[in-house]
S.K.: 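I have a structure I would like to understand better, so I am pasting it below and will then ask my questions one at a time.
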Number of protein chains: 2
Amino acid sequence: MQQEAVLKKAGLSVTESRKTILELFFASEGALAHADIEKHSSINIDRVTVYRTLQTFVESGIIHQIPTTDNTILYALCKDSCEAGHHHDEHVHFICVSCNKTNCLDDVMVPMVKLPKGFLPIQTAMIVKGTCIDCRN
Amino acid sequence: MQQEAVLKKAGLSVTESRKTILELFFASEGALAHADIEKHSSINIDRVTVYRTLQTFVESGIIHQIPTTDNTILYALCKDSCEAGHHHDEHVHFICVSCNKTNCLDDVMVPMVKLPKGFLPIQTAMIVKGTCIDCRN
DNA sequence: AATGATTTGCAATATTGTTGCAATATTTTT
DNA sequence: AAAAATATTGCAACAATATTGCAAATCATT
Ligand SMILES: [Mn+2]
Ligand SMILES: [Mn+2]
Ligand SMILES: [Zn+2]
Ligand SMILES: [Zn+2]
């Protein structure tokens with residue numbers, strides 16, 4: 001079980017809920033929102049548990065968050081290199097306006113940018129909206 | 001009145017609510033969330049009107065949205081050059097983790113980035129988290 | 001298998017967002 | 001300037017989303 005290994009590596013208890021949610025992420029094409037998980041047909045986990053699990057996964061470096069402009073947070077699996085408190089996912093995220101899937105472009109690094117004097121950057125996110133490769137016919 | 005001019009230029013009716021909300025944006029240091037406006041002491045506008053006004057302002061190119069990872073949308077004034085349906089605010093946004101203010105870095109353009117073959121970009125956002133100039137003592 | 005620690009689900013509550021519609025305000029026409 | 005037409009607002013009701021405390025269930029450790 002890949003899921004168990006991930007949980008153990010993160011120092012988390014291995015529970016049914018966590019395995020199931022993690023499985024969803026592994027099986028999923030793109031990023032997932034809370035609602036996607038809660039409403040997934042094959043899942044029957046309490047809303048509250050979903051909230052708490054996502055939070056735990058973020059804190060443990062298992063998933064990372066993707067900002068949006070629709071009162072939603074998207075989550076996607078981290079690379080192996082991520083650790084608790086120190087994520088390492090400075091890649092670009094692509095939101096397709098056609099199929100509405102959000103993909104991690106793992107190979108496209110977020111470029112550096114020169115900030116005005118006095119601004120000290122800690123973390124940078126880059127979100128590109130457009131048409132994804134599957135939707136370009 | 002600067003507010004009236006902006007509304008008229010956008011082809012919108014000039015109403016008290018709109019002037020008041022616009023005034024808040026002009027007076028504000030950083031970006032505003034819906035809750036900031038609704039809860040602002042000097043304001044007494046119905047929640048629904050705030051929602052509708054923000055939506056109208058976005059559609060009219062008066063304000064633009066800033067994505068976040070906290071189930072919130074931030075809004076900030078557009079430059080003059082923005083028009084309905086065609087925003088022109090491809091600047092970097094800076095979220096200070098200390099004072100929690102979000103600033104438009106109007107002079108820092110979002111850099112181009114080379115996407116994998118097949119991905120067609122329409123709009124790009126860049127959000128930098130860190131410590132702002134006011135919070136660096 | 002027993003113990004202790006952690007996680008889960010439920011219930012209650014709070015917050016946030018949406019919709020229809022009548023009253024009001026604004027703009028346009030006369 | 002008044003009347004008519006149009007657009008906006010606030011209310012009420014509702015829907016959806018998020019948070020908290022706590023007892024029951026599950027998991028890790030012995
Ligand atoms: Mn990602
Ligand atoms: Mn901006
Ligand atoms: Zn697509
Ligand atoms: Zn600051």
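Below, read A as the first sequence line, B as the second, and so on, with proteins coming before strands; counting in each chain starts at 1.
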S.K.: Starting from P on D:dA16, measure out to CG on A:Asp70 and report it in whole angstrom.
M.R.: 16 Å
S.K.: Does a side-chain N or O from A:Thr49 land closer than 4.0 Å to OP1 or OP2 of C:dG9, or not?
M.R.: yes
S.K.: Choose from C:dC10, D:dA18, D:dC11 the nucleotide whose nearest atom is closest to any side-chain atom of A:His34.
M.R.: D:dA18
S.K.: side-chain contact (heavy atoms from CB on, under 4.5 Å) for B:Phe57 and B:Leu7? Distances and angles first, verdict last.
M.R.: CA-CA 9 Å; B:Phe57 282 4; B:Leu7 291 171; 3.8 Å; yes
S.K.: Rounded to whole Å, how long is the line connecting atom CG of A:Asp36 with atom P of D:dT17?
M.R.: 11 Å
S.K.: Could you check whether B:Lys8 gets within reach of a base, just the sugar-phosphate, or nothing at all, counting any heavy atom under 4.0 Å?
M.R.: nothing
S.K.: Between C1' on C:dT27 and CG on B:Leu7, what's the gap in Å once rounded to a whole number?
M.R.: 14 Å
S.K.: Just to be sure I understand the rule, does B:Arg18 reach a base, reach only the sugar-phosphate, or reach nothing, if contact means heavy atoms closer than 4.0 Å?
M.R.: sugar-phosphate
S.K.: Over how many whole Å does the gap from B:Asp46 atom CG to C:dA23 atom P extend?
M.R.: 17 Å
S.K.: For B:Asn71 and B:Asn44, find the nucleotide of DNA chain D closest to each by heavy atoms; which residue's nucleotide sits nearer the 5' end?
M.R.: B:Asn44
S.K.: Would A:His34 and A:Arg47 count as a side-chain contact (heavy atoms from CB on, under 4.5 Å) here? Give the steps.
M.R.: CA-CA 9 Å; A:His34 172 97; A:Arg47 295 174 54 62; 3.6 Å; yes
S.K.: By nearest heavy atom, map B:Val48 and B:Glu38 onto DNA chain C; which one lands nearer the 5' end?
M.R.: B:Glu38
S.K.: Return yes if the base of C:dG9 and the side-chain atoms of A:Arg47 contain a donor-acceptor N/O pair under 3.5 Å, otherwise no.
M.R.: no
S.K.: Could you please name the option among C:dT26, C:dT19, C:dC10 that lies closest to any side-chain atom of B:Arg52?
M.R.: C:dT19
S.K.: Given B:Lys19 and B:Glu23, is the salt bridge (Lys or Arg N to Asp or Glu O under 4.0 Å) satisfied, shown in steps?
M.R.: CA-CA 6 Å; B:Lys19 279 193 288 186; B:Glu23 195 170 0; over 6 Å; no
S.K.: As a quick check of understanding, evaluate side-chain contact (heavy atoms from CB on, under 4.5 Å) for A:Thr15 and A:Arg18, giving each step before the final call.
M.R.: CA-CA 5 Å; A:Thr15 71; A:Arg18 288 175 179 171; 3.3 Å; yes
S.K.: Atom CD of B:Gln55 to atom C1' of C:dT19: distance rounded to whole Å?
M.R.: 13 Å
S.K.: Can you check whether A:Ile45's main-chain N or O pairs, donor with acceptor, with A:Thr49's side chain at less than 3.5 Å?
M.R.: no
S.K.: Quick check against the 3.5 Å criterion: does A:Thr68 have a side-chain atom that pairs as donor or acceptor with the backbone of A:Thr72?
M.R.: yes
S.K.: Which word best sums up how the rings of B:His64 and B:His93 line up, parallel for under 30°, tilted for 30 to 60°, or perpendicular for over 60°?
M.R.: tilted
S.K.: Of the nucleotides D:dA7, C:dT16, C:dG9, which one has an atom closest to the side chain of B:Tyr51?
M.R.: C:dT16
S.K.: CD1 of B:Ile45 versus P of D:dT9: gap in Å, rounded?
M.R.: 8 Å
S.K.: From CG of A:Leu74 over to P of D:dT17, roughly how many Å is that when rounded to an integer?
M.R.: 14 Å
S.K.: Just compare D:dT20, D:dT8, D:dC27 and give me whichever is closest to any side-chain atom of A:Ser13.
M.R.: D:dC27
S.K.: With respect to the side chain of B:Thr15, which nucleotide from D:dT19, D:dT9, C:dG17 is positioned closest?
M.R.: D:dT9
S.K.: Run the side-chain contact (heavy atoms from CB on, under 4.5 Å) check on B:Val128 and A:Leu115 step by step: do they pass?
M.R.: CA-CA 10 Å; B:Val128 181; A:Leu115 300 177; 4.2 Å; yes
S.K.: Give a yes/no on whether any side-chain N or O of A:Lys39 is located under 4.0 angstrom from OP1 or OP2 of D:dT17.
M.R.: yes
S.K.: Between C1' on D:dA28 and CD on A:Glu16, what's the gap in Å once rounded to a whole number?
M.R.: 15 Å
S.K.: How bent is the helix from C:dA1-D:dT30 to C:dT30-D:dA1, comparing axes over its five end pairs at each side, to the nearest 10°?
M.R.: 40°
